[in-house]
Amino acid sequence: MNNYNNIIGGKEVKSKKTFTSFNPFTEQPIAKFQASNIKDVDKAVSAARAGYKKWSKIPAPKRGEILLEIASILKKRKLELAKLESTEMGKILQEGLGDVQEAIDIFEYMAGEGRRLFGHTTPSELKHKACYTVKQPLGVVGIITPWNFPIAIPAWKIAPALICGNGIVFKPSSDTPLCAYKLVKICEEAGVPKGVINFITGSGSEVGTPIIKHKKIDGVSFTGSRSVGEFVTQNAGLKKVGLELGGKNPIIIMDDADLKSALDGVIFASFGTTGQRCTAASRIIVHKNIFKEFEETLIKKVKKLKMGNPLKSSTNIGPLINRAAVEKTHKYTEIGIKEKAKLLCGGSSPDTRGFFYKPTVFTNVKPNMRIAQEEIFGPTTALIKINNIKEAINIANNVDYGLSSSIYTNDLSNAYLFIENTESGLAYVNAPTIGAEVHLPFGGTKNTGNGTREAGIEGIHEFSETKTVYIDYSNKLQKAQGIR
Ligand code: NAD
C-alpha cells in the first residue's frame, strides 16, 4: 500500500502519524496519508504566505495560462481520475467523469477571469478626480472540503483562489485524500509554483480547526455539514468565510407536468451519487391528482435500479462513503417508520460486501416529520401529497435549508410563482435539483450557508478583496460631501 505525504512548500513532508483511506465498495484499504497536527498546519501556512508573495506578483492573465494547463492535463487524465473517484469515493463511473469535467470547466472558466478580474469605474462627485476599484487577493486562504465531489469541489475553490493570486492551505476530507493529492500534483505539473498550494491531510479537529482559527490565514472556504459550518463561523474570527453547507431539497410535481421527465428527474436527483449530493432531492411534493400514478411508477423504476461495482457500466447506484453513512441512513429509516410514514421500498442494506443501502422511498410523509426536515445524505426520499401550488411552495420552504429546489409544471403561472417564492439559492423548472454549471453562481440561502456563492463571477468575490482607488489630479485639496 502506498504512503502519501503532505506537500508543503513544494516538498513531500511526513507527519508523526498516518491514517488509511478505504475503497467503499471492497472495504479494502487504498493508501496511507499523514494524520497531521497543528505544527504541520503552521508550516503549511508559512509556506503558503511565501507562495502568495510570489504568485500574487505574476500578472493574472499569466496565472490564467497555468490554469488552462491544469484543465488540459485534467482532460488527458479524465478517465484515470474518474476511475479513482469510483474507487475511493464509490460514485459510478459516469458521475466520476462528470465530476472531473466540472473541475476542467472551472479551471477553464477561471483562466478566462485572469483577463477580466473586473473592478468598476465611476465618476467622482468632484472635478479632476478619478475613481475605480480593483480586485486583490485575500492573502492566504484555507480550503476545507468534503468527500462527495472529491475533485470538483476542491477545484471549485482552488481555481478562483489561484486566479485571484492567493496562497493556499488545502485540507481535503479524510475519506478521499488520494483524489485531492492527484489534483494538487496536477496543479504543480501545470506550473503552479512550489508553495502556492500546500496540501495537508488529517482530521477535522487536528488540522481543520487550526486552519479555521489560524491568525495568519486571511480567508476560509468551507464545504461540508451544517454543524461544522456553524463551528467555522464561531471560530474563524474576523477572516473572510465562505460556507457551502447541507440541503433538504424539494421537487414539486404539479398535475400538468410531463410525468415521464419528472420521474426521470426524481430518480436522478434522489438516487444519483447514492443520494450523497448537497443538491439531492429528498422531498418529492406531488399534486394529489397524479399522486397514486406517480407513486406506483416511481416504485417500479426504483426497483429496477442496480446497485453494485461503481466501475461497471451496468451499475446505477454505488456504495455509500463509509459504514457510518450506512448507519445514519438506516437510523432515518427507523425514524421514518416510527413517525408513521409508509416505507414503500428499500429500508435496509443488501446482504453483500460494500457500504450499500437500498434505494428507499417513504410515502404518506408529513412536512414536519424528521425525514422531511433533516439531511439524510443517503438514498432515501419522501413523497408528500399536496392540493395546490401555494401549499406546495409553503411545504417546499418549510425547512431550515435553502440550497436547491425544482418544479415540474407546464403552467407558466405555477413556474413563476415558484421562482418568485422558493427560498433557495438554486431554482430549477422542469429539471431536477442537480445540474449546476460552473459559469453560474452556486450556493444556498438560510442554513445552507452564509450568503457567499461559489463558481461564476461570484466565485471571484469569495477569494478577493476590493480596493477602492481615488486619484485627484486637481493639484489642490478637494473635499467630498461639500465640506469647505
Ligand atoms: P463534514 O462537515 O463532516 O466535513 C467536511 C470537511 O470538514 C472535512 O474535510 C472534515 O475533515 C472537515 N472538518 C470536520 N470537522 C471539522 C472541524 N471541527 N473543524 C474544521 N474542519 C472540520 O462534511 P462531509 O461529511 O465531508 O460532507 C457532507 C456534507 O457536505 C453534507 O452536509 C453536504 O450537504 C455538504 N455539502 C455541501 C455542498 C454545497 O455546496 N452546499 C457540497 C457538497 C457537500
Side-chain angles (χ1 to χ4, degrees), residues 19 21 24 33 35-36 38 41 88-89 91 99 102 106 142-157 169-177 179-180 199-214 217 220-236 241-249 272-282 320-322 324-325 328-329 374-378 399-404 424-426 433-434 436 438 440-456 458-459 462:
F19 68 93
S21 141
F33 285 85
S36 314
I38 191 164
V41 173
E88 197 182 34
M89 184 269 164
K91 64 173 66 179
D99 189 297
E102 263 189 55
I106 196 79
I143 290 179
I144 302 178
T145 54
W147 43 266
N148 65 335
F149 282 81
I151 291 181
I153 290 180
W156 274 40
K157 297 178 187 298
V169 176
F170 167 35
K171 186 207 105 55
S173 164
S174 299
D175 283 306
T176 50
C179 291
F199 171 79
I200 176 163
T201 52
S203 71
S205 55
E206 298 289 321
V207 179
T209 301
I211 290 176
I212 289 160
K213 292 185 172 172
H214 209 289
I217 288 187
V220 168
S221 180
F222 172 86
T223 298
S225 59
R226 174 176 156 187
S227 57
V228 180
E230 279 168 354
F231 177 84
V232 176
T233 44
Q234 285 152 11
N235 289 279
V241 172
L243 296 177
E244 298 292 337
L245 311 177
K248 191 69 191 172
N249 313 293
T273 326
T274 321
Q276 301 169 109
R277 288 189 186 223
C278 51
T279 50
S282 50
L320 287 163
I321 187 67
N322 51 33
K328 181 179 175 199
T329 306
E374 297 170 21
E375 188 184 45
I376 301 172
F377 225 54
V399 288
D400 287 345
Y401 294 107
L403 183 52
S404 185
S424 59
L426 309 165
T433 46
I434 61 186
V438 304
L440 288 135
F442 180 92
T445 61
K446 303 202 271 192
N447 287 333
T448 293
N450 58 347
T452 52
R453 292 289 182 270
E454 295 205 313
E458 297 199 24
E462 188 180 346

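Quick note: numbers below take in every heavy atom, side chains included, and nothing from hydrogens, waters or symmetry partners. First listed ligand is number 1; within each ligand, the first listed atom is number 1.
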Exercise. Heavy atom under 4.0 Å from ligand 1: found in V228's side chain, backbone, both, or neither?
Worked result: side chain
Exercise. Would you say the ring centroid of F149 lies under 6.0 angstrom from that of W156?
Worked result: no
Exercise. Going by the order shown, which atoms of ligand 1 are within less than 4.0 Å of some heavy atom of L245?
Worked result: 34 (O), 37 (C), 38 (C), 39 (C), 41 (N)
Exercise. Looking only at atom types and distance, does a side-chain atom of K91 sit under 3.5 Å from a main-chain N or O of N148, one as donor and one as acceptor?
Worked result: yes
Exercise. Just by modelled atom types, is the T433 backbone N or O under 3.5 Å from a matching donor or acceptor in the S404 side chain?
Worked result: yes
Problem set entry | Heteroatom distance test (N148, ligand 1): nitrogen or oxygen, under 3.5 angstrom | no
Exercise. Got an N/O contact under 3.5 Å between T145 and ligand 1?
Worked result: yes
Exercise. How far does CG of D99 sit from CD of E102, to the nearest 0.5 angstrom?
Worked result: 6.5 Å
Exercise. Would you find a donor on one side and an acceptor on the other, under 3.5 Å apart, between the side chain of N447 and the backbone of Y401?
Worked result: no
Exercise. Donor-acceptor pair, K171 side chain versus I200 backbone, under 3.5 Å?
Worked result: no
For this session: Check Q276 against ligand 1 and report side chain, backbone, both or neither, counting heavy atoms closer than 4.0 Å.
Result: neither
Exercise. Roughly how far, to the nearest 0.5 Å, is OG of S225 from CZ of F231?
Worked result: 11.5 Å
Exercise. Is it the side chain (CB and beyond), the backbone, both or neither of T223 that lies under 4.0 Å from ligand 1, heavy atoms counted?
Worked result: both
Exercise. Counting each atom of ligand 1 from 1 as listed, which ones have a heavy atom of I144 under 4.0 Å away?
Worked result: 6 (C), 7 (O), 9 (O), 12 (C)
Seminar exercise, completed: Nearest non-hydrogen contact to atom 26 (O) of ligand 1 from the set F377, W156, W147 belongs to W147
For this session: Return the minimal non-hydrogen interatomic distance between C179 and P150, and the atom names on each side.
Result: CB-CB, 3.7 Å
Problem set entry | Per-atom contacts of ligand 1 with G246, taking only distances under 4.0 Å to non-hydrogen atoms | 32 (O), 34 (O)
For this session: List the steps, then state whether side chain to side chain contact (heavy atoms under 4.5 Å, CB included) holds for F33 with S174.
Result: CA-CA 9 Å; F33 285 85; S174 299; over 6 Å; no
Exercise. Atom CG of L426 and atom OG1 of T279: how far apart are they, to the nearest 0.5 Å?
Worked result: 7.5 Å
Problem set entry | Residue and atom name of the nearest protein heavy atom (relative to atom 10 (C) of ligand 1), distance in Å to one decimal | K171 NZ, 3.9 Å
Exercise. Heavy-atom distance to atom 29 (C) of ligand 1: which of P146, G224, A280, P177 wins?
Worked result: G224
Exercise. Is there at least one pair of N or O atoms, one from S225 and one from ligand 1, spaced under 3.5 Å apart?
Worked result: yes
For this session: Closest by any non-hydrogen atom to atom 18 (N) of ligand 1: pick that one out of I153, T448, T209.
Result: T209
Problem set entry | Check: F231 N/O within less than 3.5 Å of ligand 1 N/O | no
Exercise. Which part of V232 is near ligand 1, with near meaning a heavy atom under 4.0 Å away: side chain, backbone, both or neither?
Worked result: neither
Problem set entry | P172 and ligand 1 - part of the residue with a heavy-atom distance under 4.0 Å | backbone
For this session: Please answer whether the main-chain N or O of C278 pairs with a side-chain N or O of N249 as donor and acceptor at a distance below 3.5 Å.
Result: yes
Problem set entry | For I212, atoms of ligand 1 separated by under 4.0 Å from a heavy atom | 19 (N), 20 (C)
For this session: Please check if the side chain of E462 supplies one atom and the backbone of S221 the other of a donor-acceptor pair under 3.5 Å.
Result: no
Exercise. In the protein, what heavy atom is nearest to atom 21 (N) of ligand 1, and what distance, to one decimal place, separates them?
Worked result: G208 CA, 3.6 Å
Exercise. Which atoms of ligand 1 sit under 4.0 Å from any heavy atom of C278?
Worked result: 34 (O), 36 (N), 37 (C), 38 (C), 39 (C), 40 (O), 41 (N), 42 (C), 43 (C), 44 (C)
Exercise. Among protein heavy atoms, which lies nearest atom 13 (N) of ligand 1, and at what distance?
Worked result: G204 CA, 3.5 Å
Exercise. Quick one: which ligand 1 atoms are inside 4.0 Å of a heavy atom on E244?
Worked result: 37 (C), 38 (C), 39 (C), 40 (O), 41 (N)
Exercise. Is the side chain of T448 donor-acceptor paired with the backbone N or O of G247 at a distance under 3.5 Å, no angle test?
Worked result: no
Exercise. Do we see a donor-acceptor contact under 3.5 Å between the side chains of K157 and T223?
Worked result: yes
Exercise. Counting heavy atoms only, which of F442, F222, F149 is nearest atom 7 (O) of ligand 1?
Worked result: F222
For this session: Answer yes or no: is there a donor N or O on one side and an acceptor on the other, between the side chain of T274 and the main chain of Q276, under 3.5 Å?
Result: no
For this session: Provide the number and element of each atom of ligand 1 under 4.0 Å from a heavy atom of S173.
Result: 9 (O)
Exercise. Looking at atom 31 (C) of ligand 1, what's its closest protein heavy atom, distance included?
Worked result: E375 OE1, 3.5 Å
For this session: Quick one: look at D175 and ligand 1, take heavy-atom pairs under 4.0 Å, and tell me if it's side chain, backbone, both or neither.
Result: neither
